[in-house]
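Accompanying notes for the structure given below.
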Amino acid sequence: MKTQVAIVGGGPAGSLLALLLHQQGIDSIVVERQSRNYVLGRIRAGVLEWTSVEVLRDAGLSDRLDIEGHVHNSIKMGWRGESVMSIDVARLAGKPMMSYGQTMIQEDLYAAGDAVDANFIFEADEVQIHDVRTDAPWITFKSSGETVRIDCDVVAGCDGFHGVSRTVIPDSAKTEYEKSYPFGWLGVLSETPPLPTLLYANHENGFALCSQRNEMLSRYYVQCSLEDTVEQWSDDRFWDELLTRVPNSEASQIVTGPSIEKSIAPLRSYVVEPLQWGRLFLAGDAAHIVPPTGAKGLNLAIADVHYLSLALAAHYQGDPKLLEAYSATALRRVWSSVRFSWYMTALMHRFPEQTEFDQRAQEEDLIYLAGSTAAQTSLAEQYVGLDL
Ligand code: APR
Ligand code: PHB
């Protein structure tokens with residue numbers, strides 16, 4: 001097979017890149033290891049920066065997003081199980097954000113891909129990437145036992161944190177920055193009405209977050225130990241902890257019910273530099289991971305492929321400058337979100353070695369935030385994200 005851009009990975013980054021390239025008249029093939037249904041079944045984050053909403057709209061994905069997405073003008077932050085502040089991010093930073101689940105975005109992306117006959121190959125095993133230091137790279141994979149070869153001009157590595165693309169860059173040519181956090185998040189979906197406003201809570205038992213998917217679907221998280229298993233978290237234990245950690249005034253409004261999904265994820269920050277190796281370009285989780293506290297992971301993936309699609313369009317029109325600058329351009333935004341996600345994580349979580357002093361210092365940070373428009377503006381600006 002032959003294409004202009006071979007895209008490894010069909011998650012949000014890879015499938016959006018295929019659509020954006022199609023709009024620019026650039027041909028691509030997406031090669032995804034899992035089945036389509038498997039990718040669609042993954043439950044992931046759900047808060048979009050306004051710039052992400054605009055990129056998705058421009059890619060033709062507005063129909064369902066504009067109906068089912070919930071525009072939020074503010075977030076709440078609580079502490080001590082009793083105090084709560086509301087930060088009016090739309091007023092302070094000039095943009096709102098939107099709750100719209102990644103699962104729905106993935107459905108929209110595949111539907112839009114189908115509508116333009118985008119070339120997605122699912123269940124592609126053993127993807128290998130070859131000769132990216134030449135002008136004629138190629139990839140191979142196994143499909144139903146047969147080896148398939150795709151010749152291309154460029155390879156886009158959109159295959160997530162555990163993908164193969166990043167490993168193609170030799171250790172001597174890349175720098176990796178990593179931080180693992182000593183806790184995880186237990187996520188729960190329940191068919192109950194959510195709180196109207198996103199709520200982040202700091203508590204001496206650990207962090208908690210109340211989020212939503214739609215009027216009758218809530219998404220909650222509580223900080224848990226990395227050794228915990230979901231079997232150790234009965235619904236009763238989960239609701240008890242959530243209601244303890246969330247300020248009373250909010251806890252009294254939470255409607256509990258049976259969970260329909262429960263999973264535990266570790267928290268990690270990771271960045272690889274540069275995002276380019278010859279004709280291989282990394283985007284999304286293949287290049288960086290942020291802890292979910294700042295709600296940035298999906299937004300960074302969308303920003304990366306926005307920059308990459310514009311750079312590839314310029315490249316095919318004979319201007320190499322944007323593509324040469326892709327890594328530096330994307331990394332500027334990446335580090336800004338990495339710093340913010342790390343800050344929010346440190347502010348809101350209970351660390352294993354944390355003393356009463358540290359707990360009071362965290363709470364004081366929140367009290368300062370509650371009383372300072374300057375501090376709230378700074379947080380709001382980072383929460384809603386930089387302009388592209
Ligand atoms: N070959 C082909 N496909 C692969 C390979 C491989 N060797 N390894 C992984 N993949 C696929 C995965 O199955 C997955 O569908 O690449 C895709 C990567 O998708 P994501 O992990 O979702 O990463 P990305 O598209 O960068 O999306 C960004 O934002 O909210 C965050 O982490 C969340 O997934 C989200 C991310
Ligand atoms: C979610 O809705 O899944 C969500 C919301 C906010 C976050 C992280 C996850 O910071």
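Sequential numbering from 1 along the given sequence is applied to the chain's residues. Being a predicted model, the structure only gives us computed values, none of them experimental. We count ligands from 1, going down the list as the structure has it; atoms in each ligand are counted the same way. Side-chain atoms are counted along with the backbone in the values below, which use heavy atoms only and exclude waters and symmetry mates.
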Under 4.0 Å to a heavy atom of A45 - the qualifying atoms of ligand 2, by number: 3 (O)

Subset of ligand 1 atoms that lie under 4.0 Å from at least one heavy atom of G284: 26 (O)

Pair Y177 + W335: ring centers closer than 6.0 Å: yes

For ligand 1, the portion of A124 having any non-hydrogen atom under 4.0 Å away: neither

G46 neighbourhood, listing ligand 2 atoms whose heavy-atom distance to it stays under 4.0 Å: 1 (C), 2 (O), 3 (O)

R44 N/O to ligand 2 N/O under 3.5 Å: no

Identity and distance of the protein heavy atom lying nearest atom 36 (C) of ligand 1: D285 OD1, 3.3 Å

Atom CH2 of W138 with >12 non-hydrogen neighbours under 6.0 angstrom: yes

For atom 5 (C) of ligand 1, closest protein heavy-atom neighbour: D159 CB, 3.7 Å

Heteroatom distance test (Y200, ligand 2): nitrogen or oxygen, under 3.5 angstrom: yes

Identity and separation of the nearest protein heavy atom to atom 5 (C) of ligand 2: V47 CG2, 3.4 Å

4.5 Å side-chain heavy-atom contact, V188 and Y221: no

For atom 2 (O) of ligand 2, closest protein heavy-atom neighbour: S211 OG, 2.5 Å

For atom 19 (O) of ligand 1, the protein heavy atom that lies nearest, with its residue and separation: G11 CA, 3.6 Å

Region of A295 that comes within reach of ligand 2 [heavy atoms, distance under 4.0 Å]: both

Ligand 2 contact on T293 by region, counting heavy-atom pairs under 4.0 Å: backbone

Pick from Q34, E32, Q102, R33: the one approaching atom 11 (C) of ligand 1 most closely through a non-hydrogen atom: E32

Joint hydrophobic cluster, W50 plus L92, side-chain heavy atoms closer than 4.5 Å: no

D153 bridged to K2 by N-O distance under 4.0 Å: no

Closest approach of any protein heavy atom to atom 1 (N) of ligand 1, naming residue and atom: V127 CG2, 3.4 Å

Closest protein heavy atom (residue, atom, distance) for atom 8 (C) of ligand 2: P292 O, 3.3 Å

N or O pair under 3.5 Å between G294 and ligand 2: no

Any E126 heavy atom less than 4.0 Å to ligand 1: no

Protein heavy atom at shortest distance from atom 20 (P) of ligand 1: R44 NH1, 3.8 Å

Identified side-chain hydrogen bond (donor to acceptor under 3.5 Å, both in side chains) counterpart of Y270 within the set K179, H288, E178, E176: E176

Q34 and E123: side chain donor to acceptor below 3.5 Å: no

Row check, F161 ring normal vs R166 NZ/CZ: under 6.0 Å, within 45°: yes

Cationic tip of R237 above W233 ring, under 6.0 Å, 45° of axis: yes

Beyond-backbone contact of L198 with L209, side-chain heavy atoms, under 4.5 angstrom: yes

Test log, rule side-chain contact (heavy atoms from CB on, under 4.5 Å), inputs I129 and V132: CA-CA 7 Å; I129 299 170; V132 286; 3.5 Å; yes

Cation-pi geometry met for R339 and Y343 (6.0 Å, 45°): yes

Atoms in ligand 1 flagged as close to V31, the criterion being non-hydrogen separation under 4.0 Å: 2 (C), 3 (N)

Expected output: side-chain T3 to main-chain A6 donor-acceptor under 3.5 Å: no

Whether R213 lies under 4.0 Å from ligand 2, heavy atom: yes

Nearest non-hydrogen protein atom, atom 31 (C) of ligand 1: L298 N, 3.4 Å

Check ion pair R360-E356 (N to O, under 4.0 angstrom): no

R245 side chain to Q223 backbone, donor-acceptor under 3.5 Å: yes

Pick from S15, A283, A13, A265: the one approaching atom 25 (O) of ligand 1 most closely through a non-hydrogen atom: A13

Protein heavy atom at shortest distance from atom 3 (O) of ligand 2: Y221 OH, 2.5 Å

A301 contact mode with ligand 1 (heavy-atom cut-off under 4.0 Å): side chain

G163, any N or O under 3.5 Å of ligand 1 N or O: no

SB check E231 K262 (cutoff 4.0 Å): no

Atoms in ligand 1 flagged as close to C158, the criterion being non-hydrogen separation under 4.0 Å: 16 (O), 17 (C), 18 (C)

